[in-house]
A.B. asks: 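Starting off with a structure, shown below.
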Amino acid sequence: MNSPAATMDALNARIIACERCPRLRAYCAEVARIRRRAYADWEYWGRPVPTFGDPQARVLILGLAPGAHGSNRTGRPFTGDGSGDFLYPVLHETGFASQAKAVSRDDGMTLSGLLITAVVRCAPPANKPAPEEIRNCAPWLDEEIGLLRDLRVVVCLGRIAFDGLLAHAQRTGKLTSRSGFKFVHAAEYILPGGLHVIASYHPSLQNTNTGKLTRPMLLAVFRRARQLAGLE
Ligand code: SF4
């Protein structure tokens with residue numbers, strides 16, 4: 001039997017090769033070809049972004065999608081853009097990340113007890129994936145969550161991630177109805193079977209620059225996630 005790390009690596013290799021969404025694949029390749037002037041000397045990743053972190057995680061972060069010049073450039077979730085600059089220091093302070101600064105796939109960052117994924121793994125134009133693209137990518141999420149035997153808590157960053165998690169729970173028979181689930185920052189739910197779900201605003205610049213999501217708010221979310229996961 002393969003180790004959890006080898007199994008997750010094999011899944012990630014299949015994700016990186018995925019071509020299910022022609023619009024997104026074309027957009028990512030085009031962004032990688034043209035590049036932003038500030039990153040002219042970067043070789044953009046330009047492919048589906050694999051999950052990152054601890055394959056035996058108790059906590060899963062579910063995000064929306066890669067940023068065109070963030071993880072579509074670096075190849076790692078939340079790495080190289082404003083969302084990551086806000087998120088990783090919080091993950092470092094709450095004991096999930098080995099360092100606060102995330103700049104590239106080879107910056108030495110490791111995660112402990114935490115895995116990061118997204119409902120869509122290719123950067124969408126205007127950060128808006130089509131419903132069909134979210135559905136295309138959903139089987140990858142089902143497989144990832146299926147591999148996490150010790151999973152206790154999912155932190156959903158943003159409403160689309162929250163809806164994606166509930167859709168996963170319905171597809172996999174863990175949930176029959178979504179009634180009673182409402183996306184509110186810091187709201188907590190327990191799915192039948194015991195999986196905890198925490199809703200959080202996404203650490204996008206739109207939210208963090210306007211003060212809709214502050215550092216203390218996000219710190220509280222991840223401190224609570226540690227507590228619920230029994231990682232205190
Ligand atoms: S968004 Fe997901 S399903 Fe679509 S091409 Fe990328 S990895 Fe594949």
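All ligand and atom numbering here is 1-based and tracks the order in the structure.
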A.B. asks: Under 4.0 Å from a heavy atom of L24: give me the atoms of ligand 1 that qualify, with their elements.
C.D. replies: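 Counting atoms of ligand 1 from 1, those under 4.0 Å from L24 are 1 (S).
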A.B. asks: Of the non-hydrogen atoms in F52 and P77, which two are nearest, and what is the gap between them?
C.D. replies: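 Result for this residue pair: CB-CD, 3.6 Å.
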A.B. asks: Which atoms of ligand 1 have any heavy atom of P48 under 4.0 Å away?
C.D. replies: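 Listed by number with element, the hits are 7 (S).
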A.B. asks: To the nearest 0.1 Å, how far is atom 2 (Fe) of ligand 1 from its closest protein heavy atom, and which atom is that?
C.D. replies: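 For this ligand atom, the closest protein heavy atom is C137 SG, 2.3 Å.
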A.B. asks: Ring of W42, cation from R36 - is the NZ or CZ under 6.0 Å from the centre and inside 45° of the axis?
C.D. replies: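 Here R36 fails the 6.0 Å and 45° test against W42.
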A.B. asks: Quick one: nearest non-hydrogen protein atom to atom 8 (Fe) of ligand 1, plus distance?
C.D. replies: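 For atom 8 (Fe) of ligand 1, the nearest protein heavy atom comes out as C18 SG, 2.2 Å.
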A.B. asks: What I want to check is whether the side chains of N12 and T51 have a donor and an acceptor closer together than 3.5 Å.
C.D. replies: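 The answer is yes; a qualifying pair exists.
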A.B. asks: Answer yes or no on whether R215 is positioned over the face of F86, meaning its NZ or CZ is under 6.0 Å from the six-membered ring centre and within 45° of the axis.
C.D. replies: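 Output no; distance or angle outside limits.
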A.B. asks: Which ligand 1 atoms are under 4.0 Å away from a heavy-atom of R121?
C.D. replies: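 Contacts of ligand 1 toward R121, numbered from 1: 1 (S), 7 (S).
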A.B. asks: Only heavy atoms of N136, strictly under 4.0 Å: list the atoms of ligand 1 that pass.
C.D. replies: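 Those of ligand 1 that fall under 4.0 Å from N136 are 3 (S).
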A.B. asks: Just jot down the ligand 1 atoms closer than 4.0 angstrom to any heavy atom of V120, in number order.
C.D. replies: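 Those atoms are 1 (S).
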A.B. asks: If you have a sec, work out which protein heavy atom is nearest atom 4 (Fe) of ligand 1 and how many Å separate them, to one decimal?
C.D. replies: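 Among all protein heavy atoms, the one nearest atom 4 (Fe) of ligand 1 is C21 SG, 2.3 Å.
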A.B. asks: Assess, by modelled atom type and distance only, whether the side chains of R149 and Q56 contain a donor and an acceptor separated by less than 3.5 Å.
C.D. replies: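 Judged by distance alone, the side chains do not pair up.
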A.B. asks: I want to check something: taking the side chain as every heavy atom from C-beta on, are T176 and Q170 in contact at a cut-off of under 4.5 Å?
C.D. replies: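 Result no, sub-4.5 Å side-chain heavy-atom pair not found.
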A.B. asks: Output the list of atoms in ligand 1 that are nearer than 4.0 Å to some heavy atom of R25, sorted by atom number.
C.D. replies: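 In order of numbering, the contacting atoms are 5 (S).
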A.B. asks: Strictly below 4.0 Å, N to O, side chains only: are E93 and R223 in salt-bridge contact?
C.D. replies: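 Looking at E93 and R223, the cut-off is met.
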A.B. asks: At a non-hydrogen distance cut-off of under 4.0 Å, which region of E133 contacts ligand 1 (side chain, backbone, both, or neither)?
C.D. replies: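 The answer is neither; E133 stays 4.0 Å or more away.
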A.B. asks: Given C122, P50, P124, P22, which has its nearest heavy atom closest to atom 6 (Fe) of ligand 1?
C.D. replies: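 Result: the heavy atom closest to atom 6 (Fe) of ligand 1 is in C122.
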A.B. asks: Do H92 and K101 have side-chain N/O donor and acceptor atoms under 3.5 Å apart?
C.D. replies: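 No pair is found: no donor N or O on one side chain lies under 3.5 Å from an acceptor on the other.
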